[in-house]
Every structure is written in structure tokens, then in C-alpha cells.
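Right, one structure below, let's go through it.
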There are 2 protein chains.
Amino acid sequence: MAGSVGIKEVAQQAGVSVGTVSNVINRPENVSEQTRVRVLAVIERLGYVRSESARQLRAGQSRIISLLVLDMANPFFVDVASGAERAAREAGLWVMLCNSAQSPGEEAGYLSLFAEQRVRGVLVTPVDGSGRELADFRRRGTPVVFVDRAQPSEEGCSVSVDDVMGGGLAVRHLLEQGHRDIAYISGPMRLTQCQDRYTGALGMIERWGLPRSRLRHIETGGLEDTAGRDAEAGRDAAARLLGMSPRPTAVFCANDLLALGVLQVLYGAGVSVPEEIALVGYDDIEFASAAAVPLTSVRQPAQRMGRIAAELLMEETGDAARHHRHQQIVLRPELVVRGSSVSGGPKERGM
Amino acid sequence: MAGSVGIKEVAQQAGVSVGTVSNVINRPENVSEQTRVRVLAVIERLGYVRSESARQLRAGQSRIISLLVLDMANPFFVDVASGAERAAREAGLWVMLCNSAQSPGEEAGYLSLFAEQRVRGVLVTPVDGSGRELADFRRRGTPVVFVDRAQPSEEGCSVSVDDVMGGGLAVRHLLEQGHRDIAYISGPMRLTQCQDRYTGALGMIERWGLPRSRLRHIETGGLEDTAGRDAEAGRDAAARLLGMSPRPTAVFCANDLLALGVLQVLYGAGVSVPEEIALVGYDDIEFASAAAVPLTSVRQPAQRMGRIAAELLMEETGDAARHHRHQQIVLRPELVVRGSSVSGGPKERGM
DNA sequence: GCACAGCCGTGAAAGGTTTCAACCAGATTT
DNA sequence: AAATCTGGTTGAAACCTTTCACGGCTGTGC
């Protein structure tokens with residue numbers, strides 16, 4: 001293709017063998033100064049760039065780890081990605097970032113791309129089961145680490161944040177503020193995150209000796225293209241919320257994007273927050289604190305999660321892989337209280 | 001590595017030649033039903049996955065196009081990416097998304113990774129000159145399309161939004177509201193975007209017959225790690241803004257993240273927006289309309305830009321490449337007026 | 001003067017896929 | 001009966017790099 005120059009041509013022009021050129025590139029210390037300089041000059045002159053595919057073919061694996069997230073439009077995942085990327089770069093690996101947009105189809109497509117690429121390892125926030133493909137990776141010896149999702153023991157590593165606890169934190173806070181009629185707004189319940197946060201919320205309701213009916217659930221459109229449009233889904237949900245009677249006095253959203261959407265609609269409808277409706281989000285993305293009413297939110301250590309995930313993955317691929325033991329790391333979320341849930345609440349700014 | 005099965009083993013087990021297996025995969029219509037079924041069964045049983053690297057080595061180029069953006073933490077670029085990705089996927093190509101984080105070093109690193117990968121083409125929002133590496137790509141026959149950055153004619157395609165016009169729109173609006181002392185807050189001026197928006201802003205000031213001094217410039221930290229922390233940079237800038245005397249009555253920010261940061265500080269300091277200070281942002285990211293005071297912003301057609309860029313790139317690589325003519329497409333930005341710049345302003349909600 | 005070590009460099013093999021000319025058997029045409 | 005065609009399959013070449021056992025040479029120690 002387009003007269004691309006290979007190692008062979010470099011060797012020829014420099015008057016050495018291909019092996020030597022390879023040594024110049026990969027083990028310069030094994031080549032005499034003189035030869036090295038000459039070869040490097042030819043490389044420069046010809047604009048030679050080594051072919052990663054040939055290299056990889058020989059090596060059997062690539063220097064890329066892939067990261068497949070649920071929703072790139074959500075700053076939370078961007079943070080996760082940046083954490084993972086930093087860790088990978090420190091180890092000389094590259095990160096290929098992809099977005100499944102919560103679609104099992106996209107997810108499957110990307111996973112098979114990764115398989116064909118023979119990536120070094122896979123970091124993934126699985127959409128749902130998708131166990132099939134992932135098991136195939138493991139069978140082939142490619143480690144898979146779950147991010148933001150606990151992994152059933154034995155199978156592999158995972159880093160997640162305790163979503164049940166997070167749901168509990170949010171609802172406990174609302175209960176403490178005196179609310180007894182709470183709505184939970186989330187994406188589709190097939191997502192473990194949505195499920196677990198609900199479980200935690202419900203658990204807290206029961207711990208307070210209240211009937212389950214005190215927590216009402218609004219699930220946003222089950223459509224495939226929900227992802228990335230979370231704020232819009234939040235607006236829809238808010239419309240449904242306003243139509244409820246009696247109207248809940250507090251809302252807990254499964255992520256900040258939803259919460260911001262809700263906030264927008266409430267703001268537009270003249271419903272005051274937190275006086276008439278208190279609002280709690282999840283993720284504590286940077287925008288949460290800049291919202292119309294600064295948003296109370298459950299903070300997740302996103303970057304840290306990404307970093308740890310990458311580190312676990314690299315540990316599993318590295319030389320020390322032999323005595324690697326799978327770990328399921330569960331981090332603790334933290335409630336950040338702001339104005340959206342407490343009247344005249346703290347002016348505290350996040351971050 | 002890990003006993004990975006190749007086409008050879010499949011061929012052997014199915015009792016056919018490797019050529020036939022390849023045909024089963026790539027030209028199934030040329031293989032008899034019977035053979036095909038048998039081969040597919042073996043593939044399934046062995047868990048064979050074809051090696052992209054070997055494939056690519058043979059083909060000379062990959063099925064991946066790369067997209068290198070300035071700042072993944074900015075939703076604007078996430079939109080650009082999603083537009084590009086959609087277009088690429090429709091054409092059967094994959095997008096490798098990377099983040100230069102406005103660092104020339106990172107940019108160079110990624111570009112050489114792309115070169116080694118022999119990507120099909122490069123979409124890039126260049127940090128600064130970086131002409132060297134990009135010229136090398138072209139020399140090797142790999143098309144390079146600039147995104148969100150006009151390209152000097154002849155060299156290649158580009159899609160951008162008229163930043164000079166955008167800067168003008170923002171400032172004209174503020175002038176029309178009666179403001180005569182405006183601050184422009186931006187990232188480092190080596191970024192063309194920041195530069196051009198400033199030019200447009202200044203041009204408008206002059207068109208109104210006002211002295212240039214009516215536009216004061218605050219440039220945020222020249223530090224390398226500015227990227228991704230734009231909202232924070234906005235907070236810093238706002239602090240400096242509050243220290244100015246006389247204090248400007250209006251602020252135009254080079255992106256919404258900066259504007260949101262500014263807004264946060266103003267809000268915290270009890271400065272009312274837009275009464276005491278009017279605020280205009282740039283990009284019209286989704287969060288702009290959900291801010292404490294809905295943000296007036298210059299909207300850029302981000303997704304469309306991404307899509308067009310990918311389409312231009314594919315046109316340049318495709319079969320029709322022979323009669324391809326480089327194009328510099330310049331889209332028009334659009335001002336979206338919200339409450340942050342007009343007292344009792346429109347309640348309009350974005351999107 | 002010989003044995004040996006160390007340094008540089010070589011040449012060939014291996015890695016998995018795609019492509020393409022050639023081939024084969026059987027069917028159809030002349 | 002010979003020639004032509006056709007659908008199906010084959011075998012080998014080419015893609016580019018890395019690795020590794022080995023060879024030639026120089027210098028050192030005995």
C-alpha cells in the first residue's frame with residue numbers, strides 16, 4: 001500500500017541485515033554506535049514506521065487494553081476512563097476506549113473486535129449477562145476485569161462501588177429530612193446498577209419500619225437508544241412524576257444526568273427544590289455542583305475505580321500472573337449534601 | 001500464546017485447506033453448503049477467532065479510523081465523537097477514540113501509535129502546529145482530516161465551525177444588551193479556537209466603534225494539565241474577574257465548562273447573573289441549559305461536525321479516492337439566548 | 001601460539017491470514 | 001469422443017517483524 005517501506009528496505013539501504021535493523025530499534029545497546037547511527041539515518045530518511053500488526057502477529061498479543069463503558073455521554077465514565085488510561089500509560093500500554101451505549105448489540109460487536117485484535121486485556125462495564133463472550137475471553141487466556149460491577153467470585157477481578165450502600169445512603173438522608181414518600185427514578189432495571197441502588201433504597205425504607213410502598217419507582221423508557229440521553233430521560237420521568245398523586249416529596253435518581261433532567265423540568269414548572277421536592281442524584285459528576293440548585297449526590301470514586309481496574313488487569317497479564325489471585329474490590333460511596341435536598345442547605349461546593 | 005487456534009488448525013480438523021477456510025469466512029458463496037457447514041462447526045468447536053493483526057498485515061491497512069480529541073471531559077467532544085462513530089460504523093469501520101488532553105506530548109504519542117497501527121485515516125483536533133507528524137501521514141498516503149479546526153487549503157480536508165463568527169455573535173449579543181465592558185475568558189491562546197473566538201469578539205467591538213480596551217482578556221493557567229479541568233480553570237478565572245476594577249459587566253467564555261465554573265463562583269459570591277454580570281458560554285453542551293442560571297451559549301453542531309469529518313475521511317480512503325478533492329467545510333454557529341445574559345430572559349430550554 | 005570469551009552482525013524460521021493461479025471432477029456442448 | 005465450461009478446492013506466495021542459534025572477528029590470558 002502506497003509504497004510503504006519495511007524493515008527490509010531499510011536494511012538494504014543501510015547495508016545491513018534485517019535482524020540488525022530490528023536490533024537497532026529494540027536493543028540498541030547490542031549494536032555498535034556506528035551501525036546504529038547509520039541505520040537510524042536511513043530510517044529517518046525513508047520515514048520508516050514499524051508495523052504494529054506484524055509486530056503483534058509475531059508477539060501473539062498487542063500492547064492495547066480495551067475499555068468498554070456503558071455511556072460516554074456520562075462524565076462519570078469519562079472519569080473512569082481517565083483513571084484507567086493513566087494507569088495503563090504508566091505501564092506502557094495503550095487504552096482503546098469504546099462505548100457500548102448500553103446496547104447489548106454494540107457490546108457484542110466491540111467484544112468481538114477486541115477478540116480479533118488480541119487485546120492484552122478487557123475492562124468492561126457489562127450491559128447485562130453477556131457472560132458468553134466474556135467466558136470466551138477467559139478461555140483464550142485474555143483477562144477480563146469488571147468495572148463498576150461486582151463479579152461473581154472465582155471468575156475474575158472486579159472493581160465496583162457498593163451500590164446497595166449508595167442507594168441506602170441517599171434514602172436515609174431523605175428520610176432524615178423527614179420525607180416519607182420518595183420516588184426512585186432509574187434506567188432499565190436489567191442494569192445491575194439500577195437494580196442494586198433500588199435494593200439499597202428499599203432496604204433503608206424497611207429498616208425504618210416503613211412499608212415498601214413509600215418508595216415508588218419510575219423506570220425510564222425501555223427503548224434501546226436511552227443511553228446518552230439520560231438527561232432527556234430525566235425530563236420524561238419528571239413529567240410523569242408531576243402527574244402522580246399524591247406527589248412524592250422527594251426524588252432519588254440513579255444518576256446525576258437523570259437528576260439534572262428532572263431538575264430542569266421542576267425548575268421550568270415552578271416547583272421549588274428542595275422545598276416542594278427534594279432531589280438526590282448519583283455519581284457526583286462535576287456538573288452536579290453547578291446545577292440550578294447544587295445537587296446532593298452520592299459520590300463514587302470514579303477515577304480511582306478506573307485506575308484500580310487497570311492495575312488489576314495488568315497484574316493479571318504481567319509476569320507475576322502465575323501467582324495472581326482474583327479479587328473483587330468494592331469501594332464505598334459517599335454522600336455529598338448540597339442544596340437540592342436541604343432547605344437553606346450547605347453552600348458547599350463539590351470537588 | 002495460550003494455544004490460540006489458527007486457521008491452519010481449523011483447516012486440518014475440518015479436512016480442508018486453509019484457503020477454503022478463508023473462503024468460508026470471507027466468501028461463503030464460493031463454498032459448497034456441505035463444506036461450509038462442516039468448517040463452521042469446527043470453527044465453533046475450537047473457538048477460532050481470526051487474527052486481526054495477520055489480516056491487517058496482509059491487507060496493508062486496518063479497518064480502524066482514529067479520532068484524537070482535545071478534551072474528553074468536554075461533552076462537546078463526546079458529541080463530536082458520537083457523530084463520527086455513527087458515520088464510521090455505517091461504513092463498517094471502527095473508531096479508536098483518544099484524548100490528547102491538549103498536550104502536544106500526548107498528541108505526538110498517539111499519532112505515532114496510529115502510524116504504527118496503519119490506521120485507515122486520522123481525525124484530529126490538533127493541539128497546535130504539529131504539522132510535522134501530520135505531514136508524514138499524508139506522505140504515507142493516510143488521509144488526515146481536521147475536526148473543529150480549519151485546515152490551510154490544499155493540504156487536506158477539514159470541518160470546522162466559524163469561530164470568528166461565533167465570537168462575534170456572543171459579543172454582539174452582549175453589546176446589544178448594553179454592555180460596554182466585557183471580559184473574555186479562555187484557555188491558552190496557542191489553541192486556535194481560543195484565538196479565533198477572541199478575534200471575532202474583538203472585531204465586533206471595533207465594528208461598534210468602541211476601543212479595543214473594552215474587551216479584557218483573562219487567559220487561564222498556562223499549565224500543561226489544564227485540560228479536563230476547565231470548570232476549575234473557570235473558577236480561577238472568576239476569582240480574578242472579581243478582583244478587577246472596574247469590574248466588567250459581562251463575560252464571554254470560550255467554552256461552557258469555563259462558563260459553568262465562573263457561574264459557580266459568582267453564585268457563591270452572591271453576584272447575581274445576569275443583573276450584575278451577564279454571562280455567555282460556548283458549545284451549548286447539554287449541561288448549559290441545566291445550570292444554576294440557564295446559560296446563554298454559542299451552539300456548535302458538534303455531532304454533525306463529527307459525522308461530516310468521518311464522511312470526508314472515508315471518501316478520501318474509499319475507492320472513489322482518485323477523484324477526491326480536498327474540502328474545507330465551515331459550519332455556522334448559532335447563538336442560543338437563555339437567562340444568563342438577559343434579565344428576566346427567555347425561559348427557553350435548550351435541545 | 002592457542003584457547004577462550006565477548007562483541008557484532010547474520011540468516012532463516014515462525015507467526016496467521018488473504019489472494020490467486022492452477023487444478024480437478026463432473027457436466028455440458030460440439 | 002473430444003473440447004469447453006463450471007463450481008469447488010488447493011497450494012504457495014506475500015505481508016513484516018522478531019527471535020535465536022550461530023559465525024567471524026578481536027583481544028586477552030596463559
Side-chain angles (χ1 to χ4, degrees), chain A residues 1-40 42-43 46-63 112-113 115-119 140-141, chain B residues 1-40 42-43 46-64 112-113 115-120 140-141:
Chain A
M1 165 103 295
S4 81
V5 305
I7 208 174
K8 200 147 60 180
E9 184 164 351
V10 173
Q12 195 182 348
Q13 299 242 352
V16 296
S17 76
V18 293
T20 302
V21 177
S22 178
N23 281 336
V24 169
I25 299 169
N26 302 300
R27 290 185 222 66
E29 69 281 6
N30 289 355
V31 180
S32 73
E33 169 87 22
Q34 194 194 10
T35 315
R36 193 173 51 213
V37 171
R38 186 156 39 104
V39 171
L40 286 175
V42 176
I43 286 178
L46 263 47
Y48 164 76
V49 177
R50 74 180 159 192
S51 155
E52 177 65 23
S53 38
R55 209 166 168 227
Q56 189 170 314
L57 175 60
R58 187 86 227 297
Q61 63 172 359
S62 80
R63 296 166 342 190
S112 67
L113 176 69
E116 295 193 355
Q117 299 252 40
R118 303 284 194 273
V119 296
R140 268 183 255 109
Chain B
M1 168 99 299
S4 82
V5 305
I7 209 175
K8 200 145 61 177
E9 183 163 352
V10 173
Q12 193 182 347
Q13 299 243 352
V16 296
S17 76
V18 292
T20 302
V21 177
S22 177
N23 280 337
V24 169
I25 298 169
N26 303 301
R27 291 187 221 63
E29 68 280 7
N30 289 356
V31 180
S32 74
E33 171 87 20
Q34 194 194 11
T35 316
R36 195 175 50 216
V37 172
R38 186 156 39 103
V39 171
L40 285 176
V42 176
I43 285 177
L46 264 48
Y48 165 76
V49 178
R50 76 180 156 190
S51 153
E52 177 66 21
S53 38
R55 200 157 177 236
Q56 189 171 314
L57 175 60
R58 183 85 227 293
Q61 64 172 358
S62 79
R63 297 160 5 211
I64 292 179
S112 67
L113 176 68
E116 296 192 355
Q117 299 253 40
R118 303 284 194 271
V119 295
R120 185 73 65 93
R140 268 182 255 110

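Everything numeric in this text was worked out from a predicted model, so none of it was measured. Here is how names work: the chains are called A, B, and so on, in the same order as the sequence lines, proteins then strands, and each is numbered from 1.
Heavy atoms of S22(A) sit under 4.0 angstrom from at least one base atom. Within 4.0 Å of G6(B), counting heavy atoms only, lie sugar-phosphate atoms of the nucleic acid but no base atom. In this structure, S32(B) reaches the sugar-phosphate backbone alone: every heavy-atom distance under 4.0 Å involves primed, P, OP1 or OP2 atoms, never a base. Within 4.0 Å of S53(A), counting heavy atoms only, lies no atom of the nucleic acid at all. Residue S51(B) is in sugar-phosphate contact alone, with no base atom involved, counting any heavy-atom pair closer than 4.0 Å across all strands shown. Residue-level contact check: V31(A) touches the backbone only, with heavy atoms under 4.0 Å from sugar-phosphate atoms and none from bases. R36(B) comes within contact range of no nucleotide atom at all, as no heavy-atom separation falls under 4.0 Å. Backbone-only contact: R27(B) has heavy atoms under 4.0 Å from sugar-phosphate atoms and none from a base.
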Give the C-alpha distance, both sets of side-chain angles, the deciding distance and a yes or no for side chain to side chain contact (heavy atoms under 4.5 Å, CB included) between R118(A) and V49(B).
-> CA-CA 9 Å; R118(A) 303 284 194 273; V49(B) 178; 3.8 Å; yes
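Judged by distance alone, with hydrogens and angles left aside, R55(A) brings no side-chain donor or acceptor close enough to the base of dT17(D) to form a pair under 3.5 Å. Taking 3.5 Å as the limit, the base of dT18(C) and the side chain of R58(B) contain a donor-acceptor pair of atoms between them.
With dT17(D), dG8(D), dG16(C) as the choices, the nucleotide that has an atom nearest any side-chain atom of I7(A) turns out to be dT17(D). Of the listed nucleotides (dT9(D), dT18(C), dA12(C)), dT18(C) has the atom at the smallest distance from the side chain of V18(B).
Computed from coordinates, the N23(A) CG to dT18(D) P distance equals 10 Å when rounded to whole Å. Between E116(B) atom CD and dT18(D) atom C1' there is a gap of 14 Å when expressed in whole angstrom units. If you take CD1 of I25(B) and C1' of dT17(C), they are 9 Å apart, rounded to a whole angstrom. Atoms OH (Y48(A)) and P (dT17(D)) sit 3 Å apart, rounded to a whole Å. Atom pair N30(A):CG and dG9(C):P shows a separation of 10 Å (rounding to whole Å applied). Separating the NZ atom of K8(A) from the P atom of dA13(D) is a distance of 13 Å, rounded to the nearest angstrom. Protein atom CZ of R140(A) is 14 Å distant from nucleotide atom P of dG16(C), rounded to whole Å. If you measure from atom CD of Q117(B) to atom P of dC16(D), you get 16 Å, rounded to the nearest angstrom.
Partner of S22(B) under the side chain to side chain contact (heavy atoms under 4.5 Å, CB included) criterion, chosen from N26(B), I25(B), V18(B): N26(B).
Between atom CD of residue E9(B) and atom CG of residue L46(B) there is a gap of 5.0 Å, rounded to the nearest 0.5 Å. Separating the CZ atom in R58(A) from the OG atom in S51(A) is a distance of 13.5 Å, to the nearest 0.5 Å.
No side-chain donor-acceptor contact under 3.5 Å links R27(B) to the backbone of V24(B).
An OP1 or OP2 oxygen of dG8(D) is reached within less than 4.0 angstrom by no side-chain nitrogen or oxygen of T35(B). Note on R118(B): every side-chain N or O is 4.0 Å or more away from OP1 and OP2 of dC16(D).
Both L57(B) and G15(B) lie close to DNA chain D; mapped to their nearest nucleotides by heavy-atom distance, the more 5′-ward contact belongs to G15(B).
Residues E52(A) and R63(A) form a side-chain contact, since some pair of their non-hydrogen atoms from C-beta on lies under 4.5 Å apart.
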